[in-house]
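As the structure is a computational prediction, the values presented were derived from the model and not from experiment.
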Amino acid sequence: MKMRESGMPDEATWQGFFDPKAIVASLGIAHVEGDVVDFGCGYGTFTHAAAQVVHGQVYALDIEPAMINTTQARAQGAGLANVRVLRRDFVRDGTGFADATMAYAMLFNILHCEQPLSLLAEAYRILIPGGSVGIIHWNHDPATPRGPAMEIRPRPEQCAMWAESAGFQLVPPGAIDLPPYHYGMRLTKP
């Protein structure tokens, strides 16, 4: 089941919206001991940045064959042996991972979906106690060069509220600015 579409630009344009290494560092992924899952990996922008710093596997999930193929090819080209790419409708079917098996879940630019609590509940289910979920999203600002429509674009306080409703605890300082167009936060599973 495809999510509410926000339009995916070409890869070069997409890469220009982020500093993936800085985002991975800001959200604590560099300190992860264990496996990571990237919900909706797209071009693998954050999959590859995470795979360069974690000691476990990075599982990249996406429903789109083109995104899976691109992520896989980029991982192979970069010599990232710890990337596992899986075509999966995680919105409809879940991730397919067993309970409490992942150390970190990346929900990046995805919580504009119709049922954000379902994705957060799935992340909570598969995370080990003490595991983290990282959330980034487009700033709630119509001046951003792209992103979901404003009426479905979540604000930081909405993402935090949804995640806390799923059982997560917000890690101080809470929402942080991820220039030029995003905010992010990390929450943990008690």
- Task: Give the intermediate values and the outcome of side-chain contact (heavy atoms from CB on, under 4.5 Å) for residues Trp162 and Glu164.
- Result: CA-CA 5 Å; Trp162 293 331; Glu164 288 170 342; over 6 Å; no

- For the pair Trp138 and Asn109, evaluate side-chain contact (heavy atoms from CB on, under 4.5 Å) and give the outcome as yes or no after the intermediate values. CA-CA 7 Å; Trp138 292 89; Asn109 294 315; 3.3 Å; yes

- Audit row: Arg186, Leu170, side-chain contact (heavy atoms from CB on, under 4.5 Å) steps and yes/no: CA-CA 6 Å; Arg186 184 169 65 93; Leu170 190 61; over 6 Å; no

- Message: I'd like to know whether Val91 forms a side-chain contact (heavy atoms from CB on, under 4.5 Å) with Glu114, so could you lay out the CA-CA distance, the side-chain angles of the two residues, the decisive distance to 0.1 Å, and finally the verdict.
- Response: CA-CA 10 Å; Val91 173; Glu114 291 175 349; over 6 Å; no

- Query: Run the ring-ring contact (aromatic ring centres under 6.0 Å, His included) check on Phe108 and Phe39 step by step: do they pass?
  - Reply: CA-CA 7 Å; Phe108 291 0; Phe39 284 68; over 10 Å; no

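Using a distance-only test at 3.5 Å, with no hydrogens or angles considered, no donor-acceptor pair links the side chain of Asn139 to the main chain of Asp141. Remark: side-chain polar atoms of Thr101 are not paired, donor with acceptor, to backbone N or O of Ile128 under 3.5 angstrom. For the pair Arg84 (side chain) and Gln57 (backbone), a donor-acceptor distance under 3.5 Å is absent. The closest donor-acceptor contact from the side chain of Asp35 to the backbone of Gly56 lies at 3.5 Å or more, if one exists at all. When atom types are taken as modelled, the side chain of His48 and the backbone of Thr71 share a donor-acceptor pair closer than 3.5 angstrom.
The side-chain heavy atoms of Leu86 and Asp62, taken from C-beta on, include no pair separated by under 4.5 Å. Using a 4.5 Å heavy-atom cutoff, the side chains of Val133 and Lys189 are not in contact. Considering only heavy atoms from C-beta on, Cys41 stays 4.5 Å or farther from Phe46 through its side chain. A 4.5 Å side-chain heavy-atom check between Val24 and Val53 finds at least one atom pair inside the cut-off. With a 4.5 Å cut-off on side-chain heavy atoms, Leu119 and Cys113 count as touching. In this structure, Met185 and Val171 have side chains that are not in contact, with every pair of non-hydrogen atoms separated by 4.5 Å or more. Asp19 places none of its side-chain heavy atoms less than 4.5 Å from the side chain of Leu178. Side-chain contact between Phe168 and Leu127 is present, with at least one heavy-atom pair separated by less than 4.5 Å.
Of all non-hydrogen atoms in Tyr124 and Pro190, the two that sit nearest each other are OH-CD, 4.0 Å. In this structure, Val32 and Ala103 approach most closely via the heavy-atom pair CG1-CB, 3.7 Å. Listed here is the closest heavy atom pair of Val58 and Val54: CG2-CG2, 3.5 Å. Residues Phe97 and Met102 approach most closely at CD2-CE, 3.6 Å, considering heavy atoms.
Here the straight-line distance linking atom CD of Gln72 with atom CZ of Arg87 works out to 14.5 Å at 0.5 Å rounding. In this structure, the separation between CD on Glu122 and CG on Asp93 is 10.0 Å, given to the nearest 0.5 Å. Atom SG in Cys159 sits 5.0 Å away from atom CG in Leu111 (nearest 0.5 Å). The line from CZ of Phe90 to CD1 of Ile126 is 10.5 Å long, rounded to the nearest 0.5 Å. Here the CG atom belonging to Leu187 is positioned 9.0 Å from the CD atom belonging to Gln169, to the nearest 0.5 angstrom.
Following chains of ILVMFWY side-chain contacts shorter than 4.5 Å, one can reach Leu120 starting from Val37, so the two form part of one hydrophobic cluster. By the criterion of side-chain heavy atoms lying less than 4.5 angstrom apart, applied directly or through intervening Ile, Leu, Val, Met, Phe, Trp or Tyr residues, Ile63 is not grouped with Ile68; the two fall into different hydrophobic clusters. Under a hydrophobic clustering in which Ile, Leu, Val, Met, Phe, Trp and Tyr are joined whenever their side-chain heavy atoms come within less than 4.5 Å, directly or via other members, Val83 and Met106 fall into different clusters. Residues Ile136 and Met150 do not share a hydrophobic cluster, defined by chaining ILVMFWY side chains whose heavy atoms lie under 4.5 Å apart. Ile29 is not connected to Val85 by any chain of hydrophobic side-chain contacts under 4.5 Å among Ile, Leu, Val, Met, Phe, Trp and Tyr, and they are in different clusters.
Donor-acceptor pairing under 3.5 Å is lacking for the side chains of His140 and Arg153. Side-chain atoms of Thr47 and Asp38 include a donor-acceptor pair closer than 3.5 Å.
For His182 and His137, the ring centers are positioned 6.0 Å apart or more.
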